Asks: 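Below are the C-alpha cells for one structure; questions will follow.
Predicted model, so just to flag it, every value in this text is computed and none were measured. Values reported hereafter were calculated over all heavy atoms of this structure, with side chains retained and with hydrogens, waters and symmetry mates removed.
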Amino acid sequence: MFLSVFDLFKIGIGPSSSHTMGPMTAARRFLDEVAGDDWPRPAGAKVDRIGASLHGSLAYTGIGHGSDRAVILGLAGQTPQTVDPDRADEIVSRITADRLISPPGHPSYRFDPATDLVLDRKTPLTGHANGMAFYAYDAGGRLLLKRIYYSIGGGFVVSEEELQRMKAKGSMTTEGKKVPYPFKNAVEMLKMAAKSGLSIAELKRVNEETQMTREELDAGLDAIWSAMKGCIDRGLSQDGIMPGGLKVRRRARMLHDKLQEQWQQNRPNPLLANDWLSIYAMAVNEENAAGGRVVTAPTNGAAGTLPAVLRYWLHFHPEADQPSIRDFLLTAAAVGGIIKTNASISGAEVGCQGEVGSASAMAAAGLCAVMGGTPEQVENAAEIALEHHLGMTCDPVGGLVQVPCIERNALGAVKAVTAASLAIKGDGVHFVPLDAAIETMRQTGLDMNEKYKETSLGGLAVNVVEC
C-alpha cells in the first residue's frame with residue numbers, strides 16, 4: 001500500500017480539509033464529468049442548470065466550515081490549491097448576485113445558491129458521513145446527470161463507485177502504486193527497515209522516487225515546508241476577530257510578542273519550548289479558521305500540530321538543517337499513511353482522535369527520527385502520541401474550526417514533543433504497538449456517538465453559549 005507524501009500534505013485553503021477542500025474538489029470534479037462524454041445524454045439535451053446537496057456532517061456544520069462557499073467556488077472552476085483566498089468572497093458574491101456560474105471551458109449554467117445548494121440534514125448518504133450529491137438539469141428541469149461524492153478526510157474525494165471498491169478491498173485508501181517497500185502497517189514497516197538497513201524516511205524516499213525524480217521530490221518537500229512556514233509567519237502577523245460569529249479573537253500575535261519580549265530580557269521560563277510550540281500551532285489554526293492558505297497535515301483541522309513541531313525543531317536544535325526537514329516530513333507521511341490505511345483521519349468518521357491524534361503521532365515520529373531515533377523508537381513515539389488522544393471527540397462550537405480546535409492543535413504539538421522525547425530515551429521496546437493503537441482508534445470511532453463526530457450536536461458545541 002502506497003500513499004504519497006503529497007497525498008497527505010496538500011496545500012489548500014481553510015477552514016477544513018474534509019468540509020472545505022473536499023467539497024470544492026468534488027464540485028470541480030462534477031464540472032469535469034458534465035463536460036465529459038462517458039455518461040448517456042438524451043439526443044439534443046444540454047445542461048442548463050446545476051444543483052448540489054450536502055448531507056450528514058457536511059450539512060450540520062457546513063455553514064461554519066464554509067462548505068457552501070467551497071461548493072460555489074468549485075463550481076466556478078476554482079481548486080483548493082490555486083484559489084486566491086483574498087478573491088474568494090468576491091467570486092461567491094458575484095455568483096450569488098448573478099445566479100449564474102461560468103466556469104472556464106464551459107458555457108454558463110444557471111445556479112442560484114439560495115435554492116440550488118441544499119444543506120440536507122434529513123437524508124444521510126450511506127457511504128460516509130461527508131456526502132454530497134450534484135445534479136445537472138436541462139432547460140425544462142429534466143435531470144440529466146447525478147453524481148454522489150464523499151469527502152473522506154484530508155481533502156480526499158471519492159465517487160460512490162470508488163468508495164464501494166475501497167470498502168470491498170478493506171481499506172479506506174485509493175489504489176496505491178507498486179513500490180519497493182509496500183508496508184501497510186507498522187509491523188511491516190519495521191521489518192522492512194530491519195531487513196534493508198534503511199531508516200523510515202529512507203524507505204519512504206525510495207518509494208517516492210519510483211514515482212518522481214529525487215530533485216522533484218525534494219522540491220515538493222521544500223514547497224510543503226515553505227507553505228507551512230509561510231502560514232505560521234502570516235498567523236503571527238495578524239490580529240483581530242476571526243470570522244463566523246463566535247467573536248473569537250486571534251491570540252498568536254499577542255502571545256508571540258510577549259514571548260519575544262521575555263526572550264530579549266533573558267527572563268527564565270521553564271515552559272519556553274511549550275509556549276513556542278503552542279504559539280506556532282495557534283498561528284496556523286487561526287489562519288485556517290480565517291480561510292487562509294494551509295497544508296493538510298493530515299487535515300486542515302489538525303494543520304497546526306506538525307508545522308509547530310517542525311518549527312520547534314528548527315528553533316531549539318542547532319543541528320537542524322534542510323535535509324532533516326525533508327526526513328521529518330517523509331517519516332511523518334509514512335506514519336500518516338499507515339493510520340489512513342488502517343483507520344481514518346476524518347473527524348466525521350472517528351472524531352478528533354483521527355485528526356489531531358493522527359497529526360500528533362505523525363509529528364512525534366518525524367521529530368524522533370531527526371533527533372536520531374531508530375525505526376523502533378520512531379514507531380514508539382508515534383504510538384505514545386496517538387494512544388493519548390484515543391477517544392477525543394470532534395465537537396466544534398458553532399460548527400467553526402475555532403473552539404476547541406485551535407488550542408487542541410497546540411496541545412497536540414506539546415504531546416508530540418513529549419512522546420518523541422520519551423521514546424528516544426528508551427530502546428524502542430514498548431508494551432502497546434502502534435498498530436494496536438491505530439486499530440483501537442478505528443474501533444473507538446465506530447463506537448462513538450454521531451453527535452461527537454463533527455456534527456456540533458454534542459460536547460462543547462452544546463455546552464458553551466455562543467456570544
Side-chain angles (χ1 to χ4, degrees), residues 9 199-201 225 228-229 231-232 235-236 252 255-256 259 262-263 268-285 295 297-298 302-321 324-336 339 352-353 355-390 392 404-428 430 432 434 437:
F9 298 124
S199 69
I200 292 172
W225 170 239
M228 289 178 172
K229 181 178 180 297
C231 187
I232 293 173
L236 293 176
L255 294 172
H256 176 261
L259 266 189
Q262 290 180 9
W263 185 276
N269 180 0
L271 295 176
L272 186 63
N274 283 357
D275 288 344
W276 279 110
L277 276 166
S278 299
I279 290 168
Y280 290 149
M282 290 170 66
V284 171
N285 283 88
V295 180
T305 296
L306 191 144
V309 175
L310 188 43
R311 185 74 169 255
Y312 154 87
W313 162 248
L314 294 169
H315 189 152
F316 287 99
H317 292 260
E319 69 271 29
D321 55 15
S324 70
I325 295 173
R326 297 166 185 162
D327 286 345
F328 186 111
L329 293 172
L330 289 167
T331 305
V335 170
I339 294 172
C352 200
Q353 59 176 351
E355 295 204 37
V356 173
S358 296
S360 187
M362 293 165 64
L367 180 60
C368 185
V370 296
M371 289 171 65
T374 65
E376 291 76 16
Q377 289 170 322
V378 168
E379 185 261 359
N380 187 16
E383 182 279 322
I384 294 170
L386 183 60
E387 179 183 341
H388 298 291
H389 284 88
L390 291 176
M392 181 175 282
C405 317
I406 294 170
E407 288 182 355
R408 191 167 281 176
N409 273 262
L411 272 293
V414 171
K415 285 185 182 181
V417 171
T418 302
S421 181
L422 287 172
I424 207 161
K425 291 178 175 62
D427 59 6
H430 55 105
V432 179
L434 174 59

Asks: Would you call the rings of Tyr312 and His317 parallel, tilted or perpendicular, where under 30° means parallel and over 60° means perpendicular?
Replies: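 Taking His317 first and then Tyr312, their aromatic rings stand perpendicular (interplane angle over 60°).
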
Asks: Kindly compute the distance separating CE (Met362) from OG1 (Thr305), expressed to the nearest 0.5 Å.
Replies: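 The distance works out to 10.5 Å.
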
Asks: To the nearest 0.5 Å, tell me how far Asp427 CG sits from Glu376 CD.
Replies: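 Nearest 0.5 Å value for the CG-CD distance: 9.5 Å.
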
Asks: Can you tell me how far NE2 of His389 sits from OG of Ser360, rounded to the nearest 0.5 angstrom?
Replies: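 If I round to the nearest 0.5 Å, the distance is 4.5 Å.
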
Asks: Mind checking whether Trp313 and Met371 have side chains closer than 4.5 Å, heavy atoms only?
Replies: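 Trp313 vs Met371: side chains touch.
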
Asks: Rounded to the nearest 0.5 Å, how far apart are NE2 of His388 and OG1 of Thr418?
Replies: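 It comes to 10.5 Å.
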
Asks: Side-chain contact, heavy-atom cut-off 4.5 Å: His256 with Leu259?
Replies: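 Side-chain contact under 4.5 Å: no.
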
Asks: Could you grab the distance from atom CD1 of Ile325 to atom NZ of Lys229, nearest 0.5 Å is fine?
Replies: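 Atom-to-atom, Ile325:CD1 and Lys229:NZ are 9.5 Å apart.
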
Asks: Compare all side-chain heavy atoms of Leu314 with those of Trp225 and state whether any distance is below 4.5 angstrom.
Replies: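 Touching, per the 4.5 Å side-chain cut-off.
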
Asks: Keeping Asn285 on the side-chain end and Gly304 on the backbone end, is there a donor-acceptor pair under 3.5 Å?
Replies: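 It does hold such a pair.
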
Asks: Provide the closest heavy-atom pair for Ala420 versus Ala364 in the form atom of the first, atom of the second, distance.
Replies: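 Smallest interatomic distance, heavy atoms only, reads CB-O, 3.7 Å.
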
Asks: Less than 4.5 Å apart, any side-chain heavy atom of Leu386 and any of Leu434?
Replies: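 Yes, side chains in contact.
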
Asks: Where do Met282 and Ala410 come nearest, in terms of heavy atoms and distance?
Replies: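 What the structure gives for the nearest pair is CG-CB, 4.2 Å.
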
Asks: Would you say the side-chain atoms of Gln377 pair up with the backbone N or O of Thr374, donor to acceptor, closer than 3.5 Å?
Replies: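 At least one qualifying donor-acceptor pair exists.
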
Asks: So which atom in Ala363 and which in Phe328 form the shortest heavy-atom distance, rounded to 0.1 Å?
Replies: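 Result for this residue pair: O-CZ, 3.7 Å.
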
Asks: Just wondering, more than 12 heavy atoms not from Glu407 lying within 6.0 Å of its CD?
Replies: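 Check fails, neighbour count at 12 or below.
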
Asks: Report yes if some heavy atom in the side chain of Val335 is under 4.5 Å from a heavy atom in the side chain of Ile200; otherwise report no.
Replies: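 Counting from C-beta outward, Val335 and Ile200 never come under 4.5 Å.
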
Asks: Can Leu310 and Leu329 be said to form a side-chain contact (heavy atoms from CB on, under 4.5 Å), step by step?
Replies: CA-CA 9 Å; Leu310 188 43; Leu329 293 172; 4.2 Å; yes

Asks: Taking the side chain as every heavy atom from C-beta outward, state whether Val417 and Leu277 have any pair of such atoms under 4.5 Å apart.
Replies: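 Val417 vs Leu277: side chains touch.
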
Asks: Quick one, His430 and Leu422 - any side-chain contact, counting heavy atoms below 4.5 Å?
Replies: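 With C-beta onward as the side chain, the pair stays apart.
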
Asks: What closest approach, in Å, do Pro375 and Ser199 show between heavy atoms, and which atom pair accounts for it?
Replies: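 The answer is CG-CA, 4.5 Å.
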
Asks: Check Val309, Val378, Leu306, Ile424 against Leu367 for a side-chain contact (heavy atoms from CB on, under 4.5 Å) and give me the one that passes.
Replies: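 Per the side-chain contact (heavy atoms from CB on, under 4.5 Å) rule, the option paired with Leu367 is Val309, out of Val309, Val378, Leu306, Ile424.
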
Asks: How far apart are the closest heavy atoms of Ala283 and Leu236, and which atoms are they?
Replies: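 Nearest pair, atom of Ala283 first, then Leu236: CB-CD2, 3.8 Å.
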
Asks: Kindly indicate, with the supporting measurements, whether the criterion side-chain contact (heavy atoms from CB on, under 4.5 Å) is fulfilled by Glu355 and Arg408.
Replies: CA-CA 10 Å; Glu355 295 204 37; Arg408 191 167 281 176; over 6 Å; no

Asks: Does a donor on one side chain and an acceptor on the other come within less than 3.5 Å for Asp321 and Ser324?
Replies: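 On atom types as modelled, these side chains qualify, holding a pair under 3.5 Å.
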
Asks: So which heavy atom on Ala252 is nearest to which on Ile279, and how close?
Replies: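 Smallest interatomic distance, heavy atoms only, reads O-CG2, 3.8 Å.
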
Asks: For the CZ atom of Arg326 and the OG1 atom of Thr331, what is their distance to the nearest 0.5 Å?
Replies: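 Answer for the CZ-OG1 pair, Arg326 versus Thr331, is 14.0 Å.
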
